[in-house]
Participant: 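Quick one: the structure is below, and I'll ask about it shortly.
Note that the coordinates shown come from a computational prediction; the quantities given were computed from them, not determined experimentally. Just so we're on the same page: letters track the sequence lines, and every chain starts at 1.
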Amino acid sequence: MTHQTTPATPAAPGRRRRAERRDWSTWPAYDAAASGFRGYWYPVTWSSHITGKPQAFTVCGEKVALIRDQGTAYALHDRCPHRGVPLSLGNQQFPSTLSCPYHGWTYNLADGALCAVITDGPRSPIRGKVSVQTYPVAERLGMVWIYIPVAAEEPHPIDSQLPPELVAHPLVMGGRIDPRRGNWRFACENGFDEGHAKYLHRTALWRLFKPMPAWNITRIVQQGRWIFRVQDEVHWDADFPGVGHWSNKRWWKLRPPKQTFNIGNTGAAKKINPTIEAQRFPGFASLSMPGVLRIVYPKFIHYEFYVPVDEHNHRYVGVMVNFARGLSTARFYAKYLLAIRWLFHGQFSGQDAWMVDVTDAPPERLYRPDVSLTAWRNLAEQETAAKQAGVAGAPAGDPL
Amino acid sequence: VRRVLFVLAAVAGLAATWAAARRLARLSGTQVHRINQ
C-alpha cells in the first residue's frame, strides 16, 4: 500500500450525475451488492465458538457450516447435495469428515469430497462423484474469517485486506459480534456518515462529558484502499436564521478544543499513542472495502466490520483496539468489559443499529455532508471495476 | 483481624465483579484478546 494522499476520485467521466437523481443507478455494482461483495474475507464468529460441533452461518447469502477438527477450522456449503439437508445439523462420524444427519453422506472437510456413504456400504458407487463447496478459512483477531469467492479463485492473503496496523503491531482488543437487522450497506454508510454522529449520538452516555460539534466542513481524501474524512472546519455553535441557536455544549461537559482536529470526534488529547501517531492518518474516520470502518482516537482505534448476511440482515463486528502491552493490557480488559462494551459498543452503537434498521433508501435526497456516502460508493465502484479488470491492487495492495 | 477480613472481602468482591462482567460480556457476544504478543 502506498501512502500517497489524493483527493477522493469523483465519479467516472461519462457517468451521469444529474442533481435530481435519487436512486443508486450511478453506482451499479454497489446497487447490485445487496447481499454483499464477493471476493473478500469476512469475519463470522469468535474462534472459540467453533468446535467439533458444526454451526450454521449465512454470509453474503451463502449458507455455510463451520466446524473445527484437530485445531483447524473448516467451512463447507451448508447443504447436502443428496436431499438439501443442512450439514450443520450433522456431526463427525470419522476424523476429518462431516456426515449429513439424514443418510450419513460423509464429506472430507478439506476438499468437500464425498468420501463415504454410511447407508450405502463401503463400495457405494456414488462415492467420489459428489462434493460440496468448501471455503477458505483463516483466524485473525480471535475470530474465524471465511473467503466468499467470486467464482472459484484463490483468495488473496487475508492480511492484505486487514487494516495494516492490526497485522504489524502487538495490541489488545475487545470486541462484540452482534447480528443486526438492516442491509449491510446502510450499516456501512451509517458508520462513515459525516453528519449523523454529531446529532444522533449527542445523547449517548459515551459522550456524557464531551460535547459533539454542531456541524463541520469536511472533505474526503483517498489513501490507498482507504477513504478518510478530513475536517477542515469544526463548529460547536450555530445560529440558524429565523430558527435559533443550537449547540451540544453543556455546563457539565468539557470545553471543546479551539483548534480544528482530525483525531477523535470530540477533540484531540494531549498525548497520542505513538503507534497511532505513527500511522499519520489524514482523518479520524476512514473506510475500506468490503465495509471496514476505522475511527481513530488519541489512545485507541475503534473498528467496525459490516458483514453481509442477506439483503435484510448483517452482522456487526465492533472491535476496540489499544496498542498496549504488559499491565496496560489488564487495565484495558477491565475498561472494556466494565464500561466500553456497555457504553460505546452498547448504547452508543445501539443508536446506529436503530437507524440502520429503519433506513429506507433509495429513493434518497442527499445533502452536503453526504459527500462521505458518495465517496464510499465511488470507492466500491472503483475497487469492483479494478477487481473485474484483474488489476492486482484489488484488494491486495496499491491504490486503485 | 478486622482489617485482614476487610481486605479479603474487598478482593473477593472485586474478583466476583470481574468474573460476572466477563461472564455477562461473553454471553452477549463479547470477548477480549491479546494479539501479536
Participant: Are side-chain heavy atoms of B:Q31 and A:R341 found at a separation under 4.5 Å?
Facilitator: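 Answer no - side chains too far apart.
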
Participant: Given the options A:N322, A:V321, A:I177, A:V319, which has more heavy-atom pairs under 4.5 Å with chain B than any of the others?
Facilitator: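 Counting heavy-atom pairs under 4.5 Å, the top option is A:I177.
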
Participant: Answer with side chain, backbone, both or neither: which region of A:L338 has an atom nearer than 4.5 Å to a non-hydrogen atom of chain B?
Facilitator: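 The side chain, not the backbone.
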
Participant: Tell me whether the count of non-hydrogen atoms from other residues, nucleotides or ligands lying under 6.0 Å of CZ in A:R140 goes above 12.
Facilitator: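 It does: A:R140 CZ has more than 12 such atoms within range.
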
Participant: Is any side-chain heavy atom of A:T329 closer than 4.5 Å to one of B:R34?
Facilitator: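 A side-chain contact exists here, since the closest heavy-atom pair is under 4.5 Å.
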
Participant: Applying side chain to side chain contact (heavy atoms under 4.5 Å, CB included), can you list everything that pairs with A:D78, at least two apart in sequence or on another chain?
Facilitator: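 Only A:A56, A:K63, A:A65, A:P86, A:L87, A:S88 meet the side chain to side chain contact (heavy atoms under 4.5 Å, CB included) criterion with A:D78.
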
Participant: Heavy-atom distance under 4.5 Å to chain B: side chain of A:H169, backbone, both or neither?
Facilitator: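 The answer is the backbone of A:H169.
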
Participant: Do the side chains of A:M173 and B:V32 get nearer than 4.5 Å, heavy atoms only?
Facilitator: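 No, too far: nothing below the 4.5 Å cut-off.
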
Participant: Would you check if the side chain of B:N36 reaches a backbone N or O of A:L171 as a donor-acceptor pair within less than 3.5 Å?
Facilitator: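 Looks like no, no N/O pair under 3.5 Å.
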
Participant: For the pair B:I35 and A:L166, evaluate side chain to side chain contact (heavy atoms under 4.5 Å, CB included) and give the outcome as yes or no after the intermediate values.
Facilitator: CA-CA 8 Å; B:I35 307 293; A:L166 295 184; over 6 Å; no

Participant: Which heavy atom of B:Q37 sits nearest to which heavy atom of A:A324, and what is that distance?
Facilitator: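 Here B:Q37 and A:A324 meet closest at NE2-O, 3.2 Å.
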
Participant: Measuring from atom OG1 of B:T30 to atom CG of A:D178, what distance do you get when rounded to the nearest 0.5 angstrom?
Facilitator: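 Rounded to the nearest 0.5 Å, the OG1-CG separation comes out at 8.5 Å.
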
Participant: Where does A:V167 contact chain B at under 4.5 Å (heavy atoms): side chain, backbone, both or neither?
Facilitator: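 For A:V167, backbone heavy atoms alone lie under 4.5 Å from chain B.
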
Participant: Just say parallel, tilted or perpendicular for the rings of B:W18 and A:Y333, cut-offs at 30° and 60°.
Facilitator: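 Ring orientation of B:W18 relative to A:Y333: parallel.
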
Participant: Tell me if the CG atom of A:L327 is crowded by more than 12 foreign heavy atoms within 6.0 Å.
Facilitator: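 Open.
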
Participant: Which bit of A:A334 comes within less than 4.5 Å of chain B, counting heavy atoms only: side chain, backbone, both or neither?
Facilitator: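 Both backbone and side chain of A:A334 come within 4.5 Å of chain B.
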
